[in-house]
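All values reported here derive from a predicted model rather than from experimental measurement. Every heavy atom of this structure was used, including side-chain atoms; hydrogens, water molecules and symmetry mates were not.
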Amino acid sequence: MTDFEKWNLYFQKKWCTADMVCQVVELGRLSPEEYETITGDPYPDSEDNIKTKK
């Protein structure tokens, strides 16, 4: 099973959220295009992914 197949299944079964799939893209395991295919939403801009550190 590929990473795409695994995360697509997890998302369809509601075992993970779009934010979790986004993190998998940030780790390089999925592409932004695969994120869009899995979630049905456009991949967030990189500015949306910046997390502030305290």
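Taking both residues in full, the closest heavy atoms of Glu26 and Tyr43 are given as CG-OH, 3.8 Å, listed atom of the first, atom of the second, then distance. In this structure, Lys6 and Met1 approach most closely via the heavy-atom pair CA-SD, 3.6 Å.
Proximity of Tyr10 to Ile38: side-chain heavy atoms (C-beta onward) are nowhere separated by under 4.5 Å. Here the side chains of Val21 and Phe11 are in contact, with some heavy-atom distance below 4.5 Å. Using a 4.5 Å cut-off on side-chain heavy atoms (C-beta onward), Tyr35 and Pro44 make contact.
The line from CD of Gln12 to OG1 of Thr39 is 9.5 Å long, rounded to the nearest 0.5 Å. To the nearest 0.5 Å, atom CG of residue Asp3 and atom OG of residue Ser31 are 11.0 Å apart.
In this structure, Glu5 contributes its side chain and Thr2 its backbone to a donor-acceptor pair below 3.5 Å. Between the Glu34 side chain and the Phe4 main chain, no donor and acceptor come within less than 3.5 Å of each other.
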